[in-house]
Structures are given as C-alpha cells and as structure tokens.
Amino acid sequence: MKLNEVLKNDTLSLSFEVFPPKTDASFDSVESAVHEIAALKPAFMSVTYGAGGGTSQYTLEIAKRIKQDHGVPTLAHLTCVSSTRQSVKERIEAMKAAGIENVMALRGDLPQDRLGEDRSAWDYRYAVDLIRELKEQGFCIGGACYPEIHPESPNQKEDIKRLKEKVDAGCEFLTTQMFFDNNLLYNFLYKIREAGITVPVVAGIMPITNANQVERAVTLSGSFIPQRFKSLVDKFGNDPSSMKQAGIAYATDQIIDLFANNVTNVHVYSMNKPDVAKKIQGNLSDILGK
Ligand code: FAD
C-alpha cells in the first residue's frame with residue numbers, strides 16, 4: 001500500500017524504524033526483532049539504507065519480508081550521494097521486482113574522502129536529484145526534513161526553500177529528524193506551511209533508553225536536549241533499567257502532546273528493539289485503540 005493513502009488518518013498512528021543487519025551472521029537476529037515489531041501492526045515500517053553501502057543489500061530483503069509476512073506497508077530508504085546513475089538504476093529495478101512501493105529518498109552523508117572533488121561532476125549532489133528519478137518510476141516518495149535545520153544549511157529560510165524543491169519534485173510526505181522539544185516541531189510546521197509545503201509531516205521520535213545514546217543522538221542530529229530531559233539522564237543515567245523506563249516515558253509523553261496538538265503520524269526510531277516498540281505502543285493503547 002502506498003503511504004500517501006496510509007497517512008490520511010486523523011487518529012494517532014505509529015510507525016517504527018528498523019535497520020538492516022551489517023553481516024550475514026546477524027541477519028537472523030535482526031529478522032526476528034523485525035518480525036516482533038511488525039507483529040504490532042504499525043501503520044508502516046521503514047528500513048534504513050547504509051550510506052557507505054555496508055548494509056544496503058539487506059534493506060530490500062528486510063522490507064520485502066515485513067510486507068509479505070505481516071502485511072505491514074514498508075518504506076525502503078535509499079541514499080544517492082555515493083552512488084552512480086547505473087547503480088541507482090539497478091537498485092530501482094530491484095525495488096520494483098521486490099514489490100516495494102514506497103521509498104524514502106535521501107542524499108546520505110557526504111563521503112569524507114571525496115570532499116575535495118568538484119561536486120558538479122557527481123551523479124547525485126542532493127536528494128532532489130534522486131526524487132526526480134524515482135518519481136518517473138511511480139514510487140510513493142518520502143523525504144527527510146529538519147525542524148532544527150540540516151547541519152549544512154546556512155539558515156532555516158534556505159533549508160525550507162530546499163525542502164520545498166523536494167516536495168515540488170515529487171515528495172508526497174516528509175519525516176522529521178528526531179527532536180526532544182515539541183515546540184521546535186510546532187514552530188517548524190508553522191513555517192513550512194507558510195512556505196506552501198502542504199504534504200503530511202511524520203514526526204520522528206527517538207526513545208532514548210540509555211545514557212550513551214544521548215551523546216550519539218546529539219552528535220548525529222545536533223538536536224537540542226531540553227533541561228527536563230537532561231535531568232532524567234542526570235538522575236537515572238547510571239541505572240540502566242530506570243533510564244530505559246524514564247526514556248520510554250519521555251517519548252510517550254512527547255507523542256501524547258503531539259497528538260493533542262493534531263500531529264497524527266509519529267515515526268518511532270525504536271531501532272530493532274521490540275521491547276521498546278511494545279512498551280511505547282502499550283503506553284498509548286487506549287489512544288491508539290489497540
Ligand atoms: P538533502 O535534502 O539533499 O539536503 C542536504 C543539504 O543540502 C541540506 O542542508 C539542504 O538544505 C541542502 N540542499 C538541498 N538541495 C540543495 C540545492 N539544490 N542546492 C544547495 N543546497 C541544497 N542516512 C542514511 O545514510 N541512511 C538512511 O537510511 C537515512 N535515513 C534518514 C531518515 C530520516 C527521516 C532523516 C531525517 C535522515 C536520514 N538519514 C539517513 C540521514 C541523511 O542522509 C542526512 O541527514 C544527510 O546529510 C542529508 O540527507 P537529505 O536527504 O536530507 O539531503
């Protein structure tokens with residue numbers, strides 16, 4: 001099922017993100033975690049794509065199995081900046097053969113070893129280049145957006161202008177980078193709607209379940225960590241089970257506030273942790289009607 005249909009809901013709907021195995025040896029354990037998450041019957045599941053190619057081969061396989069074995073709509077991620085036109089063409093054919101209908105079209109992080117090159121010669125410089133190509137092939141396309149600005153953007157106005165170009169090129173929905181202060185999202189939504197971006201925006205929520213994750217999350221996304229969340233880490237950071245409980249409660253609270261403010265689609269970066277996905281869904285059971 002195409003996600004532009006799935007995202008039309010006015011009730012709360014949750015989706016979950018998983019990442020593919022890095023090696024053959026870990027395939028079975030990832031697959032079993034993915035099956036447990038899919039059994040929760042989320043609105044959809046997304047499967048990430050390794051920018052450097054390390055785990056790319058498994059993205060399709062995992063996405064295909066989620067759809068076939070559980071009937072859960074899938075969103076296969078695809079990055080382009082390290083790819084050639086030919087390799088993307090092959091990937092598109094493989095996605096079609098696997099019955100993938102929804103693609104998250106991403107640039108990916110810039111390859112550090114190629115930063116000195118003349119980028120005008122690259123096959124893909126930005127996600128919009130990939131979006132144009134995928135659009136011709138009939139996929140339902142999603143794009144990434146950044147309530148706290150993409151780290152390479154000079155300012156939010158410029159970032160939103162580039163985001164509008166992605167939507168005009170064919171993005172039918174957007175998923176946000178993680179954020180820990182909902183006001184940042186509300187402010188962002190106001191600005192993008194004002195800029196004429198009307199597609200559904202899926203809010204990305206990362207449940208932080210251990211103290212080390214905080215530093216990684218900040219390095220990765222540059223996200224602002226509110227004092228209320230810092231206090232949780234200070235209090236429970238050295239006590240893993242309490243930290244996990246507090247992190248899940250914080251994410252649950254964020255989701256309830258989002259829905260109370262009419263944000264109906266929430267994507268949980270539960271990352272191959274079925275227990276976290278189950279707890280969040282359980283905390284919201286009455287609101288979700290599940
Ligand atoms: P773009 O939309 O191309 O934007 C990148 C930067 O370029 C921005 O600063 C933008 O403002 C600017 N820009 C865009 N177009 C132009 C233009 N024409 N001229 C000048 N500037 C321009 N990474 C992975 O490797 N695998 C994944 O599976 C993955 N999944 C993700 C899912 C989500 C929801 C998010 C938010 C991120 C994900 N990422 C993933 C990370 C992503 O690849 C990085 O954040 C990357 O740096 C930017 O990708 P993008 O698609 O947003 O790029």
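Both counts, for ligands and for their atoms, begin at 1 and track the order of listing. Positions are given from 1 along the sequence.
The contact set between ligand 1 and Thr79, taken as ligand atoms under 4.0 Å from a residue heavy atom, comprises 24 (C), 25 (O), 26 (N). Atoms of ligand 1 lying under 4.0 Å from at least one heavy atom of Gly108, given by number and element, are 43 (O), 46 (C), 47 (O), 49 (O). Interface of Thr48 with ligand 1, defined as ligand atoms under 4.0 Å from a residue heavy atom, comprises 28 (O). Close contacts of ligand 1 with Gln177, meaning ligand atoms under 4.0 Å from a residue heavy atom, involve 36 (C). Counting the atoms of ligand 1 from 1 in the order shown, those under 4.0 Å from a heavy atom of His77 are 27 (C), 28 (O), 29 (C), 30 (N), 32 (C).
Side-chain polar atoms of Ser120 and Asp118 form a donor-acceptor pair below 3.5 angstrom.
Counting heavy atoms under 4.0 Å from ligand 1, residue Lys166 touches it through the side chain alone. Here His150 has side-chain heavy atoms under 4.0 Å from ligand 1, and that is the only part of it that gets that close.
Between Lys166 and Asp129 no salt bridge is recorded (no basic side-chain N to carboxylate O distance below 4.0 Å).
Comparing Asp159, Thr175, Thr176, Val128 against atom 10 (C) of ligand 1, the shortest heavy-atom distance belongs to Asp159. In this structure, of Thr59, Leu106, Leu130, the residue bringing a heavy atom nearest to atom 39 (N) of ligand 1 is Leu106. Among Tyr269, Tyr146, Tyr49, Tyr124, the residue whose heavy atom lies nearest to atom 24 (C) of ligand 1 is Tyr49.
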Taking distance alone, no hydrogens or angles, what donor-acceptor pairs closer than 3.5 Å link side-chain atoms of residues 66-74 to residues at least two apart or in another chain?
{"unit_1": "Lys67", "atom_1": "NZ", "unit_2": "Gly99", "atom_2": "O", "d": "2.7"}
{"unit_1": "His70", "atom_1": "NE2", "unit_2": "His35", "atom_2": "ND1", "d": "2.6"}

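Ligand 1 has an N or O atom lying under 3.5 Å from an N or O atom of Asp109, backbone or side chain. At under 3.5 Å, not a single nitrogen or oxygen of Gly50, backbone or side chain, sits near a nitrogen or oxygen of ligand 1.
The aromatic rings of Tyr250 and Phe180 lie tilted to each other, with the angle between the two planes from 30° to 60°.
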>> For Tyr186 and Asn261: C-alpha separation, side-chain torsions, deciding distance, then whether side chain to side chain donor-acceptor pair (under 3.5 Å) applies.
In response: CA-CA 9 Å; Tyr186 302 141; Asn261 285 281; 3.2 Å; yes

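Side-chain contact check for Asp257 versus Asp253: every heavy-atom pair is 4.5 Å or farther apart. At least one side-chain heavy atom of Leu130 sits under 4.5 Å from a side-chain heavy atom of Leu78.
When the salt bridge (charged side-chain N to carboxylate O under 4.0 Å, His left out) test is applied to Lys135, the partners found at least two apart in sequence or on another chain are Glu172.
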